[in-house]
There are 2 protein chains.
Amino acid sequence: MVDPLDQMHPLPGMAASPILTSAHKIAIAGLGLIGGSLARRLVQRGRFVVAWNHTDKPYEAAQAAGIHTVDSLEELALGKPDVLVLATPLKAMPDMLSRLAPVLPKVTTLTDVGSVKGQVRAQATQAGLAGQYVGAHPMTGSEFSGYAASDPDLFEDALWALCVDEQTDMSRFLTVADMVTQGVGDRFICLDDATHDRSAALISHMPHVVATALAGMLSASPERQVAAALAAGSWRDMTRVALTDPQRTEAMVLEDAANVASDLRQLSSTLSQVAGHLEEVSLVNSTAQASPSAEIPPGKALGQLREFFAAAQPFRNYKAAQQSQVPRQQAAVVNLQLSDEGWRDELKASALQGQQVVRFLTTHQAQVSPALSW
Amino acid sequence: MVDPLDQMHPLPGMAASPILTSAHKIAIAGLGLIGGSLARRLVQRGRFVVAWNHTDKPYEAAQAAGIHTVDSLEELALGKPDVLVLATPLKAMPDMLSRLAPVLPKVTTLTDVGSVKGQVRAQATQAGLAGQYVGAHPMTGSEFSGYAASDPDLFEDALWALCVDEQTDMSRFLTVADMVTQGVGDRFICLDDATHDRSAALISHMPHVVATALAGMLSASPERQVAAALAAGSWRDMTRVALTDPQRTEAMVLEDAANVASDLRQLSSTLSQVAGHLEEVSLVNSTAQASPSAEIPPGKALGQLREFFAAAQPFRNYKAAQQSQVPRQQAAVVNLQLSDEGWRDELKASALQGQQVVRFLTTHQAQVSPALSW
């Protein structure tokens with residue numbers, strides 16, 4: 001017997017109210033820092049939330065916060081939620097997915113909050129759940145963990161990445177988008193997994209390795225007491241993320257290994273080029289000191305160093321413009337029209353231009369906050 | 001005619017009161033952020049300060065703060081100060097030194113506050129002033145510049161590096177030390193120029209290049225809008241110093257070019273090794289995904305990555321211990337005995353152990369704050 005709820009309602013051919021695809025019953029697997037904060041935030045804003053946690057059961061506190069709780073992962077699925085969010089550690093995903101596969105109703109859209117997206121999609125596909133899956137990654141967190149550290153305000157004005165591939169169902173995508181924009185009150189950008197994972201490597205995973213390498217260099221220096229004594233703000237800033245739990249950092253880096261490796265190769269090559277220019281300058285300097293009357297041309301090295309410093313200028317301009325611009329929350333929104341066939345590419349192009357989706361007006365019309373071009 | 005004040009008083013053979021070598025009349029060339037703050041701090045604490053500035057003359061404000069002013073660099077020297085501090089930009093040093101050489105009385109000890117020490121000593125030597133020179137570098141500053149931004153509190157509990165070579169006169173060293181400890185109320189460590197310049201490269205100059213390289217990578221990425229949108233605290237911290245004036249950063253790096261180049265080579269090599277380990281892991285991962293039943297040994301790569309993360313552990317421990325220790329200002333001091341011949345090596349060894357000089361009790365006995373061993 002086929003449960004009629006297991007059939008998705010096809011989207012009407014014309015733009016319809018996004019209410020048709022809204023997410024009101026939300027199941028959350030994992031009541032840690034992120035899952036707990038998300039659950040509390042959704043309840044605060046009027047959504048029905050049912051949650052399950054694997055080991056410790058912070059259920060009394062969760063229930064006091066208005067979160068319904070169940071005793072097993074499977075029960076979450078049996079409740080036929082609009083969305084089931086996997087807020088479990090990345091290494092638990094394969095187990096979660098294989099347990100959900102036989103029981104997850106077709107009506108339910110599956111999402112997650114993992115920090116690497118390609119890997120989770122591959123695991124969902126392996127479990128036979130690709131058709132129901134829309135990847136998500138909220139850009140929020142703190143150095144703490146566990147439900148006790150959860151805080152609905154972690155999601156205040158957060159940006160999410162929602163990840164799609166060519167098979168992603170528009171109706172399911174709109175359901176997750178509704179959870180994010182209307183349920184949580186946040187903004188999102190739509191990406192493919194590869195773009196997400198490359199970007200996360202560049203702005204987070206790779207820099208964690210660099211900070212660790214710097215901290216390792218100081219640790220290994222026989223003059224570390226002197227160098228640490230002389231260290232000021234620049235050193236403190238550059239090594240702060242090396243102080244976070246190295247096992248968590250290592251796991252994060254391993255999950256995005258290929259992208260991090262590629263970024264490290266590029267950075268390594270740039271630093272070694274700069275070293276070459278500086279060696280040339282240093283050689284010219286010491287020759288000049290030995291015979292100060294000799295006119296030694298500084299060669300190309302100085303020009304190449306100037307180019308290196310200039311290459312970061314777009315980022316400096318971007319940060320300066322950010323300081324002076326209207327806060328994104330107050331900026332005027334613009335409308336983005338989406339087509340039945342091209343909606344994924346249209347949303348991804350909008351993200352690459354720096355726009356962020358604030359809400360859907362109809363199933364085929366999004367409001368986006370404008371980009372700061374750079 | 002030889003001015004009797006041009007003769008230094010030899011130190012008594014036995015330990016004497018450091019008052020004999022104290023610095024009461026202090027001349028400061030350069031009333032910018034550092035020179036201005038230092039002058040105001042010294043006046044606040046009862047020293048006689050006479051200052052000169054090259055271009056703009058913030059003399060009205062300086063005089064209101066109790067600083068005496070003169071119209072030329074040469075007048076500073078003619079006043080026969082105990083110490084003359086060059087607080088001018090590094091690039092102005094050769095000019096300052098050649099103008100001072102014919103007029104600086106022998107009684108005056110010459111020091112500076114430049115961020116690179118080997119180069120300034122070489123320039124002082126070239127000007128014939130090596131015998132009167134003791135290098136200094138106060139570890140303080142802000143992102144602002146000029147007398148208007150000066151603030152005596154910049155020197156509150158600051159650490160100075162005082163730099164010596166085999167020729168440095170003990171009496172002159174004690175005079176600069178008196179200015180730093182009793183005059184300014186700060187601590188210092190005694191280093192040779194090479195150790196100072198290597199340490200400054202490691203904890204400041206080289207990290208500035210790394211931050212700039214990261215900002216350059218993001219600027220060059222076709223996905224920079226996406227990556228910048230996803231960026232959080234780790235990226236902000238790692239790139240903050242790339243936002244400071246790139247010309248100032250470039251000048252700083254060029255002045256310490258050989259050390260920065262060497263650190264960059266080492267970092268580049270470490271990052272490229274980590275990239276290699278990650279590439280190996282990534283290859284194993286994708287093979288495992290293709291045939292999940294095959295048991296593939298993770299090889300040495302995982303172990304090497306673990307070693308990489310562990311290599312930063314001493315720094316994590318040091319920072320954790322710093323959090324929990326008694327503030328250095330309140331820590332009990334220990335006495336350090338200095339010999340006539342070995343005082344330089346004794347002070348340098350103390351710095352390498354992590355001790356910091358708080359004051360001199362006699363010319364041959366220093367009080368040092370104890371080290372945090374790591």
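Protein chains get the first letters and strands the later ones, always in sequence-line order, with residue 1 at the start of each. Not measured: the values here are computed from a predicted model.
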Next on the checklist: Can you tell me which portion of A/A310 sits under 4.5 Å from chain B's heavy atoms? Options are side chain, backbone, both or neither.
Outcome noted: neither
Next on the checklist: Please list all pairs meeting side chain to side chain donor-acceptor pair (under 3.5 Å) that have one or both residues in residues 207-222 of chain A, counting only residues at least two apart or in different chains.
Outcome noted: none
Item to check | Winner by heavy-atom pair count (cut-off under 4.5 Å) against chain A, out of B/S268, B/A351, B/A312 | outcome: B/S268
Next on the checklist: For chain A, which candidate among B/M217, B/H137, B/M139 shows the most heavy-atom pairs at distances under 4.5 Å?
Outcome noted: B/M217
Item to check | Option in B/L305, B/V226, B/L214, B/L202 with maximal non-hydrogen atom pairs under 4.5 Å from chain A | outcome: B/V226
Checklist entry - Below 4.0 angstrom, N of the basic side chain to O of the carboxylate: do B/R240 and B/D237 qualify? => result yes
Checklist entry - So which of A/N317, A/V253, A/T249, A/L230 has the largest heavy-atom pair count under 4.5 angstrom toward chain B? => result A/L230
Next on the checklist: Can you confirm if the aromatic rings of A/W374 and A/Y318 lie within a centre distance of less than 6.0 Å?
Outcome noted: yes
Next on the checklist: Using 0.5 Å steps for rounding, measure from the CG atom of B/L264 to the CG atom of B/L271.
Outcome noted: 10.0 Å
Next on the checklist: Let's test your reading of the structure: which of A/S269, A/A258, A/A220 forms the most heavy-atom pairs below 4.5 Å with chain B?
Outcome noted: A/A258
Checklist entry - If you count heavy-atom pairs under 4.5 Å between each of B/Q266, B/R224, B/K319 and chain A, which one has the most? => result B/R224
Next on the checklist: Could you check whether any side-chain N or O of B/R316 sits under 3.5 Å from a backbone N or O of A/A242, counting only pairs where one atom can act as donor and the other as acceptor?
Outcome noted: yes
Checklist outcome for this item: Residues at least two apart in sequence or cross-chain that pass ring pair (Phe, Tyr, Trp, His ring centres under 6.0 Å) with B/H205, listed by chain then number, are none
Checklist entry - Distance-only, no hydrogens or angles: does the B/E223 side chain make a donor-acceptor pair with backbone N or O of B/L218 under 3.5 Å? => result no
Checklist entry - Top residue by heavy-atom pair count (under 4.5 Å) with chain A, among B/T140, B/I189, B/L267? => result B/L267
Item to check | Top contributor to chain A interface from B/T244, B/D256, B/V209 [non-hydrogen pairs under 4.5 Å] | outcome: B/V209
Checklist outcome for this item: In terms of heavy-atom pairs under 4.5 Å with chain B, the winner among A/T195, A/T270, A/V274, A/L159 is A/T195
Next on the checklist: When you measure from the side chain of A/D186 to the backbone of A/A158, do you find a donor-acceptor pair of N or O atoms at a distance under 3.5 Å?
Outcome noted: yes
Item to check | Contact origin within A/M238 toward chain B - heavy atom pairs under 4.5 Å | outcome: both
Next on the checklist: Apply side chain to side chain donor-acceptor pair (under 3.5 Å) to residues A/N259 and A/S262 and explain how you reach the verdict.
Outcome noted: CA-CA 5 Å; A/N259 288 315; A/S262 155; 6.0 Å; no
Checklist entry - If you tally heavy-atom pairs under 4.5 Å against chain B, which of A/P246, A/G216, A/P207 wins? => result A/P246
Next on the checklist: I'd like to know which of A/A213, A/P222, A/A320 tops the heavy-atom pair count under 4.5 Å against chain B.
Outcome noted: A/A213
Next on the checklist: Looking only at heavy atoms and a cut-off of under 4.5 Å, which of A/A232, A/S204, A/A231 has the most pairs with chain B?
Outcome noted: A/A231
